[in-house]
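Since the structure comes first, as structure tokens, the remarks are kept for the end.
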Amino acid sequence: MMQKVMHMLFQPDRVETRGEILFFRIFEVVMVGWALWFGWEWGRYIPNIADVVLPLGIARFVDISFMFDHNLSIVNAGLMTAAALVGFFRLHRSGYLMLALFFHLQYVSRYSLGEISHGSNVVGLTAVALGLAYVAFREEKHSRRFALGVIIFFLGLGYTTAAMSKLIASGPLWVDGGHMWMWIQERTVDVFSKSGVVNINSFQQLVLDQYPLATAILTFGLLTELVGVLIWSPRFRPWVMTLLIAMHVGIFMSMQINFPANNAILFLLAYPWADVIDRVLGSSAPG
Amino acid sequence: MTYLNRAKKWLLGTFLVYAVLVSTNLGEFWPFSIYPMFSQAGNPWVRAVVRDVSDAEAVAISWEPASRDELLGAPFAVEPTGINQNDVANFVSKSRDWTPRRTEALRKLFHTNLAERTLLIYRVTGELGENRSISVRYEPYIVMTPDTTILHPEVTP
């Protein structure tokens with residue numbers, strides 16, 4: 001069983017094509033670009049922070065309040081950029097691993113006020129996977145395959161553990177539509193706080209009016225998350241990832257919480273883009 | 001060692017690190033996570049809303065809870081000022097002791113917005129009642145004038 005999972009994730013026997021190599025470079029540009037966007041965005045925000053309300057990650061062991069002063073967060077964003085360039089242009093094998101470490105420091109500094117950012121996890125996970133892949137393997141082909149395999153492994157595991165957390169913490173009645181109403185009300189207050197205006201969209205109003213619909217949405221979400229590990233199999237990957245994208249779109253419509261990074265990574269990994277590129281290039285010759 | 005064996009070894013090692021980190025850090029050690037958010041359904045929540053009460057007389061600011069239609073002052077939208085609403089909500093929901101450092105940190109978050117304004121932060125709580133009715137309560141919590149900060153009388157300084 002384990003051997004089969006490893007074959008599905010890391011595909012040791014498949015010949016690598018030019019489409020795959022090009023796809024991987026596009027994937028790198030998107031995900032590393034996203035990491036740097038977070039890095040600079042947080043870097044500009046961190047100087048507004050002056051106290052640690054909830055220590056996260058490494059901040060539970062080290063006082064990271066030093067990051068709030070002297071524009072160190074901007075310096076760290078610069079270090080992230082340098083590490084990303086080193087990784088992308090293969091100047092040194094440790095480039096992406098350094099990016100992941102600087103990224104972690106930036107994250108725990110930015111979210112020392114306590115909120116857990118949903119979307120940045122998958123981008124951070126990509127940085128870790130790329131970091132490990134280029135330290136662990138000498139051959140480019142192996143690094144590429146390993147990085148994607150690790151990302152798919154933890155992505156699938158993450159969705160399934162999310163569903164299991166819900167079942168453990170709340171039981172099967174987690175899907176009760178009343179819970180959806182609570183989250184909609186909570187998010188309505190957040191939107192009120194952000195914009196100064198109460199804005200309940202027509203889909204939210206429909207969900208608030210229709211208890212069975214609210215329950216059906218939560219049931220769909222829970223079941224979709226539960227089967228997350230099926231993305232480890234290339235056969236199920238496009239279907240399950242499409243369901244996960246649909247789930248994120250549903251969360252956006254019903255709770256006004258957007259998951260652009262999750263949707264982007266799912267969109268990139270769900271479908272056979274490498275084959276499409278090969279077809280466009282008119283060849284599936286080894287790269 | 002073949003590629004697959006090496007990949008297996010590195011994945012197993014990474015998984016062990018993941019397991020240790022998430023199990024000892026409440027399910028979350030960024031970027032590793034079991035995604036426990038939204039796992040506790042139906043629990044009461046705490047958020048925050050800010051109002052500009054510059055035009056209100058100081059004596060007119062009451063600490064009595066209100067409904068959304070009875071809020072004092074004018075809306076103060078945090079997003080256009082570059083403040084994240086989750087950060088304001090976290091100050092309100094996660095601060096146990098309002099030390100001088102914590103109070104100053106809150107003021108720093110609002111920085112120039114306090115130069116000529118008095119802002120009132122409401123602590124907003126939501127609870128699920130019987131028959132799935134939801135009650136949302138707005139409680140005046142912190143008043144920030146250009147030079148002072150006044151906490152709700154029951155908040156520990």
Supply the atom-to-atom distance [X] [atom1] to [Y] [atom2], rounded to the nearest 0.5 angstrom.
X: B:Thr125; Y: A:Glu186; atom1: OG1; atom2: CD; value: 11.5 Å
X: A:Ser193; Y: B:Arg47; atom1: OG; atom2: CZ; value: 8.0 Å
X: A:Thr161; Y: B:Tyr35; atom1: OG1; atom2: OH; value: 7.5 Å
X: A:Met180; Y: B:Phe38; atom1: CE; atom2: CZ; value: 9.5 Å

Between chain A and each of [options], count heavy-atom pairs under 4.5 Å; write down the option with the most.
options: B:Gln40, B:Lys94, B:Arg68, B:Arg107; answer: B:Arg68
options: B:Val124, B:Leu128, B:Val22, B:Val50; answer: B:Leu128
options: B:Val88, B:Leu26, B:Leu106, B:Val78; answer: B:Val78

Side chain, backbone, both or neither: which part of [X] has a non-hydrogen atom closer than 4.5 Å to chain B?
X: A:Phe103; answer: both
X: A:Val198; answer: side chain
X: A:Phe154; answer: side chain
X: A:Arg145; answer: both
X: A:Phe10; answer: both
X: A:Leu9; answer: side chain
X: A:Arg187; answer: side chain
X: A:Ile251; answer: neither

* To do: Taking the six-membered ring for Trp and the single ring otherwise, decide whether the centroids of B:Phe32 and A:His104 are under 6.0 Å apart.
  =>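 Not under 6.0 Å, so no.
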* To do: Compute whether any side-chain donor of one residue and acceptor of the other, for A:Trp174 and B:Ser39, lie under 3.5 angstrom apart.
  =>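 Per modelled atom types, A:Trp174 and B:Ser39 side chains form no pair under 3.5 Å.
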* Asked: Do A:Gln3 and B:Lys8 have a side chain donor and acceptor closer than 3.5 Å?
  ->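 Present: a donor and an acceptor within the cut-off.
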Identify the heavy atoms of [X] and [Y] that sit nearest to each other, and give their distance.
X: A:Tyr45; Y: B:Gly82; result: CE1-O, 3.1 Å
X: A:Gly114; Y: B:Asn90; result: C-ND2, 3.5 Å
X: A:Arg110; Y: B:Asn84; result: NH2-ND2, 3.4 Å
X: A:Ala136; Y: B:Trp10; result: CB-CE2, 3.3 Å
X: B:Ala41; Y: A:Ser170; result: N-OG, 3.0 Å
X: A:Ala50; Y: B:Arg101; result: O-NE, 3.6 Å

Is [X] in contact with chain A via its backbone, its side chain, both, or neither, using a 4.5 Å heavy-atom distance?
X: B:Leu71; result: side chain
X: B:Ile34; result: both
X: B:Ala74; result: neither
X: B:Tyr138; result: side chain
X: B:Ala89; result: neither
X: B:Ile134; result: side chain
X: B:Thr14; result: both
X: B:Tyr3; result: both

* Asked: Under 4.0 Å between a Lys/Arg side-chain N and an Asp/Glu carboxylate O for B:Arg132 and A:Asp176?
  ->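 Answer for the salt bridge query: yes.
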* To do: Show the numbers, then the answer: is there a side-chain contact (heavy atoms from CB on, under 4.5 Å) between A:Val189 and B:Trp45?
  => CA-CA 11 Å; A:Val189 172; B:Trp45 46 257; 3.7 Å; yes
* Between A:Asn121 and B:Glu28, is any pair of side-chain heavy atoms under 4.5 Å apart? ->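 A:Asn121 vs B:Glu28: side chains touch.
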* Asked: Do B:Gln85 and A:Val191 come within less than 4.5 Å of each other through their side chains, counting heavy atoms only?
  ->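 The answer is no; the side chains never approach within 4.5 Å.
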* To do: Look at the side chain of A:Lys194 and the backbone N and O of B:Ile83, then say whether any donor-acceptor pair between them is shorter than 3.5 Å.
  =>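 No.
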* To do: Could you walk me through whether A:Leu157 and B:Tyr18 pass the side-chain contact (heavy atoms from CB on, under 4.5 Å) test, one step at a time?
  => CA-CA 11 Å; A:Leu157 184 67; B:Tyr18 154 91; 3.6 Å; yes
